[in-house]
Structures are given as C-alpha cells and as structure tokens.
Amino acid sequence: MPIEFNDTLVIAISSTALFDLADSHRIYLEKGVDSYAQYQIDHEDELLKPGAAFGLVKKLLALNEGGLDKVRVEVILLSRNSADTGLRVFNSIENHQLQITRAAFTSGNSPYLYASAFGAHLFLSTNPYDVKQAIDNGIAAATIVAPNKAHNDVNHIKFAFDGDAVLFSDEAEKVYQQSGLDEFTKHEKASAQKPLEGGPFKTFLAALHKIQKEFGTDECPIRTALVTARSAPAHERVIRTLRYWDIRIDEALFLGGMDKTQFLKAFGADVFFDDQEGHIDRAKDHIASGHVPSGVVNN
C-alpha cells in the first residue's frame, strides 16, 4: 500500500541547504560536470560540513525522538546531484545521524516538482531559480542563507515570519507600493473586518499549528512569531485574519518600519522568512534567513 504522511510535517530540502558543498560547487563552475562528478566520487567517504539549514533540520527531526508512536516530521532530500554523485550526501546524512531516508536525485534538473509529489509543506534550497519555480507552483519555499549553526535554545524551535506576501497575500503590499504609507493605513483600517487571503506560507504555518496543538502551551517545543513592518491601526486586520484562520501565533511584533534584526535576535529565531531581500541581508549574519520570492516587490 502507498505511504501517506497524513498529519506529518514534511520538509523538502536541497543538498546544498543541508550541507556545505561550496568546494565541490566551485569545481563544477571551474571545470565542469564531469570533474565535479569525479570529485564527489573521490570524496564520498569524506564528511560534509553542516549547511545553512542543518541546525533547523536537526531540531525538527528531534521532534520524533522519545519513543513517540508516530512521526511528526519527515525530511525529504531533493538534489540536483545524480544518484551516483549523491552517495556522498547520503553518507554524510548517516554520519551526522539524521533520520532522512527519502530522496529525489535529478541529475541537474530542478527538483521542485518532487516537493509537490512528496506533499511537502516547505521547500528550502540555496538555488533561487528552484525556489521561484516552487513558489510559482503553490509550494511554500525560500532561498536560505545563514550562519551554519542553530540558535542556542535547545528546547524550542522558533520560526519567525514576515506578514504581507509571506503569511498573507500581497494585496496590502500592492497598495503600499503604489500609493504610499498613508493610503496603505487607510486601506487596512477600512478593511479591518475583511480577512486577508493566504500567502505562500499559510499552509506551512497551519502545519506547525497542528503540531503545536498536541502540546500544552508551556510544553510546546515550537514557537512562532509574526515580525511585521505594520503598526497600529493596520495591526487589526492581521489579528482578525489569524483568528478567522483559527491559527495560533505565539508572538506578534508590529514594528512600524523599524529594522527587524534586533527583534529577531531577541525572539531567538532559528529561521526567519521574508519577501524583501533587504531584511534578509540585515538578518542573515545572526539568524538563518529565507528569502521568499513572492509578491509585488519580487515581480
């Protein structure tokens, strides 16, 4: 019988997001695919160092530990490697003791279609082209850049999200980009009772929320935060939208255009998702950060 993940949170991740493949990628760029393939084969027993999303993946997989009667998180490897060159990646997965058993190796083709086939709630990659294709096909995805370490809080996994064009549609962002802050504020105040449409990360947030509901508030290992440039009175529509969706957000920061980085550090985010590259550039030295190529600012 076919396996279905049902209530399991499914994360698809590229090999370059999971491990640091900078040296082998340099050989690919300088000497071509044949030299790259031979290099991977020659070094297939050499342990790969953690990549940008390694710490996050390790924390997520830890949710399955402790004699649980079901798998809460499934991580799928999606790689542009061939199965032959990908052996080094699987050897490193085993050596790092990561419970990742399913993979798709595409020999240079974009693997985003397999994210949908596996039912992934999120696709993380270092390849912006693959991420954009995933977003355009309705898959929550981000190009991840980060220091190669998880946050020091070993008891929690902390996700931080921008609002417009990430959790929510870019409807309000379009008003801001076209008409400025005053018109944006007027529009959102007038639309306070009308829920926003979901953005590309709504389904991922809902999947996290489903896991959170299995725990008491004080015991839950997952914490979420909305970190948005909105301020009052534009806050009300966001609050009512989340209430309408029946999705919990643990913390909400309405910053009124202030730089998000210090607030992300104070929250202790393991990863931060935003549609604007400027926010990512400022945060990435401190927090794993994922650019979401969605909405009007990325057109």
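Because the structure is a prediction, the values reported are computed rather than measured. Atom set for the values below is all heavy atoms of this structure, side chains included, hydrogens, waters and symmetry mates excluded.
Between the side chains of H209 and D246, no donor N or O sits under 3.5 Å from an acceptor N or O. No donor-acceptor contact under 3.5 angstrom links the side chains of E74 and T8, judged on distance only. In this model, a donor atom of one side chain and an acceptor atom of the other lie less than 3.5 Å apart for Q212 and D250. In this model, a donor atom of one side chain and an acceptor atom of the other lie less than 3.5 Å apart for D42 and Q38.
Under a cut-off of 6.0 angstrom, the local environment of CZ in F159 is crowded, with over 12 non-hydrogen atoms contributed by other residues, nucleotides or ligands. The environment of CD in E214 is crowded: more than 12 heavy-atom neighbours from other residues, nucleotides or ligands sit within 6.0 Å.
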### Task
Any chance you could lay out the side chain to side chain contact (heavy atoms under 4.5 Å, CB included) test for V238 and T228, step after step, and finish with the verdict?
CA-CA 10 Å; V238 165; T228 175; 5.8 Å; no
#### Entry: S294 and D275: CA distance, side-chain angles, deciding distance, side-chain hydrogen bond (donor to acceptor under 3.5 Å, both in side chains) verdict
CA-CA 6 Å; S294 171; D275 66 308; over 6 Å; no
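S125 places no side-chain N or O within donor-acceptor distance of the main-chain N or O of D130, the cut-off being under 3.5 Å.
Between F105 and T85 there is no side-chain heavy-atom pair separated by less than 4.5 Å. Using a 4.5 Å heavy-atom threshold, the side chains of H235 and R230 count as separate.
F168 and W245 have tilted rings, their planes meeting at an angle from 30° to 60° on a 0 to 90° scale. Under the 30°/60° scheme for interplanar angles, the aromatic rings of Y176 and F184 are found to stand perpendicular.
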Using a 3.5 Å cut-off and no angle test, enumerate the donor-acceptor pairs between side-chain atoms of residues 196-206 and protein atoms at least two apart in sequence or in another chain.
none

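At a threshold of 4.0 Å, the pair D182-K186 does not count as salt-bridged, since none of the basic side-chain nitrogens sits closer than that to a carboxylate oxygen.
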